[in-house]
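Worksheet for the structure shown next.
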Amino acid sequence: MFNKVTHNILLALANGDFCSGEWLGEQNNISRAAIGKHIQALQKLGLDIYSVTGKGYCLSTPIDLLERDAIIESSQLSDVPIQVETVVGSTNDLIKQGLLNKTIDNKTSGTTIFSEAQTAGRGRRGKEWVSPLGASLYFSTHWSFEQGISATMGLSLVVGIAIVDALVELGVPDLGLKWPNDIYYQGRKLAGILVELEGQGSDSCDIIIGAGINVKLPINVNQKIDQPFADLEETGLDLNRNMIAGTILRYLINHLKQFEQTGFTTFVDRWHEYDCFIGHHVQLHMGQRVVDGIAGGVDAQGGIVLNIDNKKQSYFGGEISLRKI
Ligand code: BTN
């Protein structure tokens, strides 16, 4: 259950003030018991709400809710269709649906959907992407490639570079990139990228770029994430989510425009600046196959280069994972 009343309660609680059940009930013309049900719905979406007898409900920490105008202002982009949702299954799926039912024009690149929460957030290799309400950033951007799938080699790496560049502008230190598209903070995963192909005509193709950036994860989330992770809260910087969203979008759109013109070649050096696995002994897992080597960065197409028995070999592909050993 998430409806207008649930949204009103979210707005009322967002600044961290106490709101009594009675007051919330009066504001929404429903009983206190019914308010309790909406509170439970918000808690189920990952919002940390507690209650104090005689005072009412309160968030454990205030949240800066996403606002379309504030994102547009930080993005400095005037011509990109941006949509902000509160709860969706997956923002990647919402873009897909929009392309299928033609509410999103597949000829125009850049349509972006942000959501406060996802109930079916997806990561790579079929994993869940834990997406609690108001805790992080979840968004997807549509991009059309006129020259088809062959023009997208290295795309997901460019998205990683865009996110890093945006975070660097915001003052975030100690960032790293892990091939093919994870962003690290102090050696732990801060953000992930899921690039999916939707329509493939004879020439062009539609790409959906989804990204999740951990901003302020709730404490209980560590039971659900199966690898060391970090969030932006740890940096100690005072970062507003709308500012982060707008800044990332600005770099993403600009980098994608450049990528359309030049391909991955002009991004190779930038990648190497942040590649935190170069020189490390790594394993590449490709289904049943495992390859050992020394990571040597990426090639001009975005493939990972491994030094195996003094021979350089590039590897590509969606299901490859990389482990420091
Ligand atoms: C990964 O590292 O496994 C990729 C994570 C990608 C998560 C984002 S959140 C927004 C978009 N919607 C999804 O369902 N997934 C991506």
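Every number for a ligand or one of its atoms is a count from 1 in the order of the listing. All values reported here derive from a predicted model rather than from experimental measurement. Along the sequence shown, residues carry numbers from 1.
- Looking at atom 11 (C) of ligand 1, its nearest protein heavy atom turns out to be T91 OG1, 3.3 Å.
- Counting heavy atoms from C-beta on, the side chains of K216 and L232 never come closer than 4.5 Å.
- Salt-bridge check for D165 with R270: passed, with a basic side-chain N closer than 4.0 Å to an acidic carboxylate O.
- Residue-to-ligand polar distances keep W129 apart from ligand 1: every N/O pair is separated by 3.5 Å or more.
- Against a heavy-atom cut-off of under 4.0 Å, G123 is close to the following atoms of ligand 1: 1 (C), 3 (O), 4 (C), 5 (C).
- If you run side chain to side chain contact (heavy atoms under 4.5 Å, CB included) between I207 and each of L155, T141, I95, only L155 comes through.
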Problem set entry | Verdict with supporting geometry, N3 and H38, side chain to side chain contact (heavy atoms under 4.5 Å, CB included) | CA-CA 9 Å; N3 59 24; H38 289 279; 3.3 Å; yes
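- Applying the 4.0 Å criterion to heavy atoms of G121 picks out, from ligand 1, the atoms 14 (O).
- Of the heavy atoms in D182, only side-chain atoms (C-beta onward) come closer than 4.0 Å to ligand 1.
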Problem set entry | Verdict with supporting geometry, W179 and F277, side chain to side chain contact (heavy atoms under 4.5 Å, CB included) | CA-CA 8 Å; W179 188 91; F277 280 76; over 6 Å; no
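- Residue I193 approaches ligand 1 through these ligand atoms, each under 4.0 Å from one of its heavy atoms: 2 (O), 4 (C).
- Side-chain atoms of R124 never come within 3.5 Å of backbone atoms of I193 as a donor-acceptor pair (strictly under, hydrogens ignored).
- Residue-level proximity to ligand 1 for K189 is carried by the side chain, the only part with a heavy atom below 4.0 angstrom.
- Between S90 and N92, the side chains place no donor N or O within less than 3.5 Å of an acceptor N or O (distance only, hydrogens not considered).
- Of the protein's non-hydrogen atoms, R124 N, 2.7 Å is the one closest to atom 3 (O) of ligand 1.
- At most 12 heavy atoms of other shown residues, nucleotides or ligands fall within 6.0 angstrom of atom CG in D309.
- Checked against a 3.5 angstrom limit, the closest N/O atoms of Y138 and ligand 1 fall outside it.
- Here is the list of ligand 1 atoms found below 4.0 Å of a heavy atom in N92: 11 (C), 12 (N).
- Ring pair Y50/F18 is perpendicular by interplanar angle, where above 60° counts as perpendicular and below 30° as parallel.
- In terms of protein heavy-atom proximity, atom 12 (N) of ligand 1 is closest to Q118 OE1, 2.9 Å.
- R122 O, 2.7 Å is the protein heavy atom nearest to atom 15 (N) of ligand 1.
- Atoms of ligand 1 lying under 4.0 Å from at least one heavy atom of S90, given by number and element, are 12 (N), 13 (C), 14 (O).
- Heavy atoms of S131 found under 4.0 angstrom from ligand 1: none, in either backbone or side chain.
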